[in-house]
Structures are given as C-alpha cells and as structure tokens.
Amino acid sequence: MASILRVNTLTDASSNNSVSLETVSNGSAKAWAKLNDAGTAQDSFNISSTTETSTALYTITINNDMNNANYSLTLGTHYAELIAINSVATGSYALRTFERADSLTANDQITHSTVHGDLA
C-alpha cells in the first residue's frame with residue numbers, strides 16, 4: 001500500500017541544517033546521463049535510452065518528459081574542445097562533441113549532461 005508523507009521542511013537529526021521541500025523539488029536534477037564514447041549510457045537517472053545517430057551526435061531520451069522545452073542543460077566532456085546542444089524537446093535532447101573548436105571536427109567523446117526544470 002502506498003503512503004503519502006506531507007512535510008514543508010526537511011532537517012537533519014540535530015535540526016542544524018534544514019531545507020524547504022520547494023528547494024529540493026525545484027533545485028534537484030530531473031535527469032542526468034554519463035555516456036561513453038559510443039553514446040551508451042554508463043549511468044543515468046530518468047533516461048530511457050541513448051542513441052548515437054551519427055558521428056559524435058548523441059540523442060538522449062528522457063523517461064518522464066519535461067513540462068516544456070525551456071529547461072536548462074548543463075554539459076561536459078572529458079576530452080573534446082567543444083560540446084554543443086543540437087536540439088531540445090520535452091522528451092529528449094541531442095548533443096554533439098567536436099575534437100577541435102576551430103575546425104568543428106566531430107569526434108566521439110565521453111559526455112555528461114544534467115537537466116534542470118519542471119517535469120510534465
């Protein structure tokens with residue numbers, strides 16, 4: 001049987017550190033993924049699939065859609081000089097990595113991405 005816990009604030013056992021549930025809900029990542037250089041998720045949260053659609057172009061599908069396509073993406077990579085958002089939709093986003101920013105040479109890389117915003 002499911003239960004509902006209704007609280008306004010979370011605090012530690014000594015009541016020294018507390019945070020409102022609104023901060024937890026609005027400030028927590030809604031999805032994240034770490035992809036290897038083949039576009040396969042090594043680990044993720046709220047991600048249903050990842051696909052390398054062409055060289056260094058990765059499409060990440062969000063399991064529980066975002067409310068709209070105006071969410072925030074934070075991107076990172078281990079070795080590429082440039083990582084760029086290729087497209088954004090409520091249920092997915094795509095990113096591309098480049099070996100050199102000056103020549104825009106697409107190159108498969110390990111990538112990290114985090115999604116912040118409102119879930120649908």
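Along the sequence shown, residues carry numbers from 1.
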Problem set entry | Check against side-chain contact (heavy atoms from CB on, under 4.5 Å), Ser113 and Tyr93 | CA-CA 10 Å; Ser113 56; Tyr93 57 96; 2.6 Å; yes

Straight-line distance of [X] [atom1] to [Y] [atom2], nearest 0.5 Å:
X: Leu95; Y: Asn86; atom1: CG; atom2: CG; answer: 8.5 Å
X: Glu81; Y: Gln109; atom1: CD; atom2: CD; answer: 10.0 Å
X: Asp43; Y: Asn36; atom1: CG; atom2: CG; answer: 12.0 Å
X: Gln42; Y: Lys34; atom1: CD; atom2: NZ; answer: 5.0 Å

Heavy atoms only: give me the nearest [X]-[Y] pair and the separation to one decimal.
X: Ile47; Y: Ala31; answer: CD1-CB, 3.9 Å
X: Ala94; Y: Leu57; answer: CB-CD1, 4.3 Å
X: Asp108; Y: Ala56; answer: OD1-N, 2.8 Å
X: Ala29; Y: Thr114; answer: CB-CG2, 3.6 Å
X: Ile83; Y: Gly76; answer: CD1-O, 3.6 Å
X: Leu104; Y: Leu82; answer: CD2-CD2, 3.6 Å

Any side-chain donor-acceptor pair under 3.5 Å between [X] and [Y]?
X: Thr105; Y: Ser103; answer: yes
X: Ser14; Y: Asn16; answer: yes
X: Tyr58; Y: Thr111; answer: no
X: Thr59; Y: Ser92; answer: no

Problem set entry | Residues Asp118, Tyr71; criterion side-chain contact (heavy atoms from CB on, under 4.5 Å); working and verdict | CA-CA 7 Å; Asp118 296 327; Tyr71 51 87; over 6 Å; no

For this session: Decide yes or no on side-chain contact (heavy atoms from CB on, under 4.5 Å) for Trp32 and Thr74, but give the supporting numbers first.
Result: CA-CA 9 Å; Trp32 59 264; Thr74 304; over 6 Å; no

For this session: Under the side-chain contact (heavy atoms from CB on, under 4.5 Å) rule, what do Val7 and Leu21 come out as? Steps first, then yes or no, please.
Result: CA-CA 7 Å; Val7 297; Leu21 267 266; 3.8 Å; yes

Exercise. What do the steps show when you test Ser48 against Thr61 for side chain to side chain donor-acceptor pair (under 3.5 Å), and what is the final call?
Worked result: CA-CA 6 Å; Ser48 59; Thr61 304; 4.8 Å; no

Exercise. Heavy-atom count around Asp102 CG within 6.0 Å, excluding the residue itself: above 12?
Worked result: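 Result for CG/Asp102: enclosed.
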
